Amino acid sequence: MNETANCLICTRELWEDELGRYACKPCERRIDDRLRALAGPYGLYARLCLRNEPGAPGTGPRVTGSATAGIAGNLNILNETANGGVVSVLEGWVEDWATYGLGIRGTGGRLQHRLDQAVATLRRNLAQAVWRHPAIDDFAGELRDTVRRYENVIDGGKPAPVIKATCTCGQTMRVPVDAAIITCRGCDTGYGWEEFREMAVAQRSAA
């Protein structure tokens, strides 16, 4: 149990009903969103695997310069999606969490199946891990970096457009249009996309 009064991931002070957790509720949601984004037939892992398909449109990351740079980029994708890449990393975390009584290792199979199993196990045990696993911040950071790396390759490295608005607490919020959740860093207020867009439009009109 966390003996400090701060989230280990974002370092903000925990609310009263969060005391004892290693991660605050918004950070828990972000972890779950990123895990969910990786898995499934339309997830980031599956989409990145398609870039290794011979002749597939848009194969490989957008690179400039020599052919060597393109080959290196494709090898990086292969390393990410092959055995020993993100699948093995997630399975390693499953084994680590299991030492805290948080799930068991999957039954093996093809890489996509193994990844989906690992993600399902981690998501299923996440609600307990934020209370019981003291390295949840290491896991969250590694997961965040992996998801960003995959998104950059798939999107050609172009950042998603940003919508700007000011929260009721006065904090300026710049939210990418592909953000899974919208939470103000100043006061931790959460917004739905429709509500946030309406607020942004109203503020632009009043400016």
Side-chain angles (χ1 to χ4, degrees), residues 1-39 43-45 86 89-90 92-103 115 118-155 157-197 199-200 203:
M1 181 175 291
N2 188 5
E3 296 181 358
T4 73
N6 296 84
C7 171
L8 296 186
I9 300 172
C10 69
T11 71
R12 78 155 175 82
E13 187 174 354
L14 297 169
W15 294 108
E16 185 175 351
D17 64 346
E18 296 175 327
L19 291 176
R21 296 165 58 109
Y22 287 107
C24 65
K25 292 178 181 179
C27 283
E28 179 185 350
R29 289 195 298 270
R30 279 188 280 271
I31 291 173
D32 188 64
D33 289 338
R34 286 167 179 150
L35 284 170
R36 186 157 37 89
L38 280 172
L44 292 173
Y45 178 77
V86 67
V89 169
L90 291 177
W93 280 108
V94 169
E95 290 187 0
D96 181 72
W97 285 24
T99 63
Y100 291 83
L102 301 167
L115 178 127
V119 167
T121 299
L122 293 168
R123 290 187 65 203
R124 186 167 58 249
N125 290 278
L126 178 59
Q128 290 299 316
V130 295
W131 289 91
R132 293 161 57 182
H133 202 300
I136 192 70
D137 54 332
D138 291 334
F139 170 69
E142 193 166 6
L143 178 64
R144 178 197 63 226
D145 293 345
T146 297
V147 168
R148 285 179 179 173
R149 193 163 60 248
Y150 278 33
E151 289 175 337
N152 283 340
V153 172
I154 292 168
D155 297 333
K158 293 183 178 180
V162 170
I163 295 179
K164 179 181 175 181
T166 302
C167 179
T168 54
C169 73
Q171 175 77 30
T172 299
M173 301 174 63
R174 295 177 175 84
V175 182
V177 296
D178 59 353
I181 58 174
I182 305 172
T183 306
C184 175
R185 293 183 180 181
C187 65
D188 201 36
T189 298
Y191 292 92
W193 261 114
E194 184 176 351
E195 178 187 10
F196 185 75
R197 285 194 183 98
M199 182 171 70
Q203 291 174 2

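Bear in mind that the values here come from a model prediction, so they are computed numbers and not experimental data. Worth knowing before you read on, the calculation uses all heavy atoms, side chains too, and leaves out hydrogens, waters and symmetry mates.
Separating the CD1 atom in Ile31 from the CZ atom in Arg36 is a distance of 13.0 Å, to the nearest 0.5 Å. Rounded to the nearest 0.5 angstrom, Tyr191 OH and Met173 CE are separated by 6.0 Å. With rounding to the nearest 0.5 angstrom, the CG atom of Asp96 is 3.5 Å from the NE2 atom of His133. The CZ atom of Arg124 sits 11.0 Å away from the CH2 atom of Trp97 when rounded to the nearest 0.5 Å. The structure places CG of Leu19 at 9.5 Å from OG1 of Thr4, a figure rounded to the nearest 0.5 Å. The OG1 atom of Thr166 sits 4.5 Å away from atom CD of Gln203, with the distance rounded to the nearest 0.5 Å.
Side-chain N or O atoms of Glu18 include one that pairs as donor or acceptor with a backbone N or O of Lys25 at under 3.5 Å. Side-chain atoms of Glu28 never come within 3.5 Å of backbone atoms of Val130 as a donor-acceptor pair (strictly under, hydrogens ignored).
The residues Asp33 and Arg30 are annotated as not salt-bridged, no charged nitrogen and carboxylate oxygen being separated by less than 4.0 angstrom.
Residues Leu35 and Val119 come closest through the heavy atom pair O-CG1, 3.4 Å. The shortest heavy-atom contact between Cys24 and Cys7 is N-SG, 3.3 Å. Here the closest non-hydrogen pair linking Tyr22 and Arg132 is CE1-C, 3.7 Å. A pairwise comparison of heavy atoms in Ile163 and Ala200 identifies CG2-CB, 3.7 Å as the closest pair. Heavy atoms only, all atoms of each residue included: Leu115 and Ala39 are closest at CD2-CA, 3.8 Å. A pairwise comparison of heavy atoms in Ile9 and Asp137 identifies CG1-CA, 3.7 Å as the closest pair.
Aromatic ring pairs are classed by plane angle as parallel below 30°, tilted from 30° to 60° and perpendicular above 60°; the pair Phe139 and Trp93 is perpendicular.
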Check your understanding: Between Tyr150 and Val86, does a side-chain contact (heavy atoms from CB on, under 4.5 Å) hold up when you go through it step by step?
Key -> CA-CA 10 Å; Tyr150 278 33; Val86 67; 2.9 Å; yes

Exercise for review: For Thr146 and Val89, run side-chain contact (heavy atoms from CB on, under 4.5 Å): C-alpha distance rounded to whole Å, both residues' side-chain angles, the deciding distance at 0.1 Å, then the answer.
Suggested key: CA-CA 10 Å; Thr146 297; Val89 169; 5.8 Å; no

**Study point:** Stepwise side-chain contact (heavy atoms from CB on, under 4.5 Å) test for Leu38 and Arg34
**Key:** CA-CA 7 Å; Leu38 280 172; Arg34 286 167 179 150; over 6 Å; no

Exercise for review: Please report the C-alpha distance between Arg21 and Ile136 in whole Å, then the side-chain angles of each, then the deciding distance to 0.1 Å, and finally whether the side-chain contact (heavy atoms from CB on, under 4.5 Å) criterion is met.
Suggested key: CA-CA 10 Å; Arg21 296 165 58 109; Ile136 192 70; over 6 Å; no

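With a 4.5 Å cut-off on side-chain heavy atoms, Gln171 and Thr189 do not count as touching. Asn125 places none of its side-chain heavy atoms less than 4.5 Å from the side chain of Tyr100. Inter-residue side-chain proximity for Glu195 and Ile182 is flagged as unmet; no heavy-atom pair is nearer than 4.5 Å. Residues Glu142 and Asp138 have side chains not in contact (no heavy-atom distance under 4.5 Å, counting atoms from C-beta outward).
Every residue two or more places apart in sequence or in another chain that forms a salt bridge (charged side-chain N to carboxylate O under 4.0 Å, His left out) with Glu95 is listed here: Arg105.
For CD of Glu13, the number of neighbouring non-hydrogen atoms (other residues, nucleotides, ligands) closer than 6.0 Å is 12 at most. When the shell of 6.0 Å around CZ of Arg144 is examined, it contains more than 12 heavy atoms from other residues, nucleotides or ligands.
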